[in-house]
Novice: 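Before I ask anything, let me first share the structure, which is written out below as C-alpha cells.
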Amino acid sequence: MASAKATMGQEKQDHFVLKSGHAMPAVGLGTWRAGSDTAHSVQTAITEAGYRHVDTAAEYGVEKEVGKGLKAAMEARIDRKDLFVTSKLWCTNLVPERVRPALENTLKDLQLDYIDLYHIHWPFRLKDGAHKPPEAGEVLEFDMEGVWKEMENLVKDGLVKDIGICNYTVTKLDRLLRSAKITPAVCQVVNSQI
C-alpha cells in the first residue's frame with residue numbers, strides 16, 4: 001500500500017502533531033470539485049492508495065458521498081481511529097446559533113460521530129443565498145469571538161477533536177487569538193491559482 005509523505009527540508013514527514021497532541025497526516029485527499037464518483041474515489045483513496053486524511057466541506061456539496069466512501073472504507077476494515085477527517089463551517093453559518101446545527105448536519109452526512117478537525121472556511125459571514133463572489137450587501141457582520149466560542153464548545157462536547165481556520169489574514173488571526181481559549185490547531189490557506 002502506498003504511503004503519502006510531505007518533504008520538509010531534507011526529511012520526509014508523514015504527519016504533523018497538533019498542539020492538542022493529535023496527529024494529522026501530512027497529505028490529505030481534497031474533495032473540492034470531486035465529481036460524480038466521490039464515494040468510490042474516497043473509498044479507493046483510503047483502501048488502495050493509503051490516504052488517511054480526507055478534507056471536505058459542506059459547501060463542496062459532496063459530504064454525503066464522502067460519508068458513503070468513508071463508511072465503505074471502514075467496512076473494508078479501516079479503523080475510524082486511523083482516519084483523520086476535516087470539514088469546514090460555511091460563511092452563511094457564521095453566527096453562534098448556527099455552528100452546532102451545521103456541524104450536526106456534517107456529521108450526519110459523513111456518517112460519523114465526530115470529526116478530527118473543523119475549520120471556519122472563510123473569515124467573513126455571508127447572507128443566505130449570496131452570490132459567488134458576493135455582491136454589495138451580502139457580506140454581513142461576523143461575530144468572530146462568539147462563533148469561535150461555539151467551536152470551542154464542540155471540542156468540549158467531543159464532537160470535534162480540533163478546531164482551525166482557513167484563509168485568515170494576520171490581522172484577523174490576531175483578533176481571534178485575543179479571545180480564544182483554544183487556539184486554532186491549523187490555519188489552512190487556499191491558493192486560488194491552483
Side-chain angles (χ1 to χ4, degrees), residues 18 20 22 24-25 27-132 134 142 147-167 182 184-186 188 190:
L18 304 178
S20 64
H22 299 125
M24 179 178 81
V27 177
L29 176 70
T31 61
W32 182 52
R33 297 185 178 174
S36 60
D37 202 19
T38 301
H40 182 261
S41 297
V42 168
Q43 177 194 0
T44 301
I46 293 169
T47 59
E48 295 179 22
Y51 279 87
R52 292 298 179 262
H53 182 181
V54 177
D55 181 287
T56 193
E59 182 61 15
Y60 301 166
V62 295
E63 284 190 329
K64 284 184 180 178
E65 290 300 308
V66 170
K68 291 176 187 174
L70 291 168
K71 182 178 180 182
M74 290 184 280
E75 288 172 351
R77 298 183 182 256
I78 303 294
D79 285 334
R80 169 63 181 101
K81 68 178 178 53
D82 294 329
L83 297 174
F84 191 96
V85 180
T86 299
S87 189
K88 301 167 199 77
L89 177 66
W90 185 240
C91 302
T92 54
N93 292 317
L94 289 180
V95 290
E97 63 272 12
R98 287 189 174 189
V99 173
R100 184 174 298 264
L103 174 68
E104 289 169 346
N105 286 335
T106 285
L107 290 171
K108 179 181 170 196
D109 288 346
L110 294 176
Q111 302 180 53
L112 298 174
D113 296 326
Y114 69 92
I115 57 173
D116 299 278
L117 179 60
Y118 198 44
H119 288 295
I120 292 175
H121 206 146
W122 288 93
F124 54 87
R125 182 174 161 223
L126 291 177
K127 184 178 186 177
D128 287 329
H131 294 84
K132 294 180 194 173
F142 172 30
V147 167
W148 192 255
K149 183 177 180 181
E150 290 305 313
M151 299 279 283
E152 292 172 330
N153 287 335
L154 299 175
V155 174
K156 290 174 190 167
D157 293 343
L159 298 172
V160 172
K161 287 189 174 185
D162 285 288
I163 49 179
I165 55 176
C166 296
N167 310 303
I182 299 173
V186 172
Q188 179 178 334
V190 173

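If you read the sequence from its start, that first residue is 1, and numbering goes on from there. From a predicted model like this one, the values you see are computed outputs, not experimental measurements.
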Novice: Any side-chain heavy atom of Val99 sitting closer than 4.5 Å to one from Lys149?
Specialist: no
Novice: List the residues meeting ring-ring contact (aromatic ring centres under 6.0 Å, His included) with Phe84, not counting sequence neighbours, and say none if there are none.
Specialist: His53
Novice: What salt bridge (Lys or Arg N to Asp or Glu O under 4.0 Å) pairs are there with at least one residue in residues 119-132, not counting sequence neighbours?
Specialist: Glu59-Lys132, Arg98-Asp128
Novice: Using atom types as modelled and distance alone, determine if a side-chain donor or acceptor of Glu63 lies under 3.5 Å from a backbone N or O of Ala58.
Specialist: yes
Novice: Looking only at heavy atoms, what is the nearest atom pair of Phe142 and Pro123, with distance?
Specialist: CD2-O, 3.5 Å
Novice: Residues two or more places apart in sequence or in another chain: which of them pass side chain to side chain contact (heavy atoms under 4.5 Å, CB included) with Ala130?
Specialist: Leu126, Glu138
Novice: Quick check against the 3.5 Å criterion: does Lys88 have a side-chain atom that pairs as donor or acceptor with the backbone of Thr56?
Specialist: yes
Novice: Could you walk me through whether Thr86 and His119 pass side chain to side chain contact (heavy atoms under 4.5 Å, CB included), step by step?
Specialist: CA-CA 8 Å; Thr86 299; His119 288 295; 3.4 Å; yes
Novice: Contact between Val42 and Leu29 at the side-chain level, heavy atoms closer than 4.5 Å - yes or no?
Specialist: yes
Novice: Report the distance from atom CG of Leu154 to atom CD1 of Ile115, rounding to the nearest 0.5 Å.
Specialist: 8.5 Å
Novice: Which atom pairs, donor and acceptor, lie under 3.5 Å between side-chain atoms of residues 64-74 and protein residues at least two apart or in another chain?
Specialist:
unit_1	atom_1	unit_2	atom_2	d
Glu65	OE2	Lys68	NZ	3.0

Novice: What pairs of residues pass the salt bridge (Lys or Arg N to Asp or Glu O under 4.0 Å) test when at least one of them lies in residues 102-116, not counting sequence neighbours?
Specialist: Arg80-Asp116
Novice: With a 4.5 Å cut-off on side-chain heavy atoms, are Lys156 and Asn153 touching?
Specialist: yes
Novice: For Ser87 and Ala57, which heavy atoms make the closest approach, and how far apart are they?
Specialist: OG-CA, 3.6 Å
Novice: I need the minimum non-hydrogen distance between Ala102 and Asn93, along with the two atoms involved.
Specialist: CB-ND2, 3.7 Å
Novice: Closest heavy-atom contact between Gly158 and Tyr114?
Specialist: O-CB, 3.6 Å
Novice: Kindly write out the residues that satisfy salt bridge (charged side-chain N to carboxylate O under 4.0 Å, His left out) with Asp157, not counting sequence neighbours, or none if the list is empty.
Specialist: Arg100
Novice: Please report the closest heavy-atom contact between Pro184 and Gly164, naming both atoms and the distance.
Specialist: CB-CA, 4.2 Å
Novice: Checking Leu89 against Leu94 for the side chain to side chain contact (heavy atoms under 4.5 Å, CB included) test, could you report, in this order, the C-alpha distance in whole Å, the side-chain angles of both residues, the deciding distance, and whether it holds?
Specialist: CA-CA 7 Å; Leu89 177 66; Leu94 289 180; 3.6 Å; yes
Novice: With heavy-atom distances below 4.5 Å as the criterion, would you say the side chains of Leu18 and Lys161 are in contact?
Specialist: no
Novice: Give the intermediate values and the outcome of side chain to side chain contact (heavy atoms under 4.5 Å, CB included) for residues Ile46 and Val54.
Specialist: CA-CA 9 Å; Ile46 293 169; Val54 177; 4.0 Å; yes
Novice: Who pairs with His121 by ring-ring contact (aromatic ring centres under 6.0 Å, His included), at least two apart in sequence or on another chain?
Specialist: Tyr60, Trp90
Novice: Closest approach of Asp55 and Thr31, non-hydrogen atoms and distance?
Specialist: O-OG1, 2.9 Å
Novice: Mind running side chain to side chain contact (heavy atoms under 4.5 Å, CB included) on Ile120 and Trp148 for me, showing each step along the way?
Specialist: CA-CA 9 Å; Ile120 292 175; Trp148 192 255; 3.8 Å; yes
Novice: Residues in side chain to side chain contact (heavy atoms under 4.5 Å, CB included) with Ile182, at least two apart?
Specialist: Glu152, Val155, Ile163
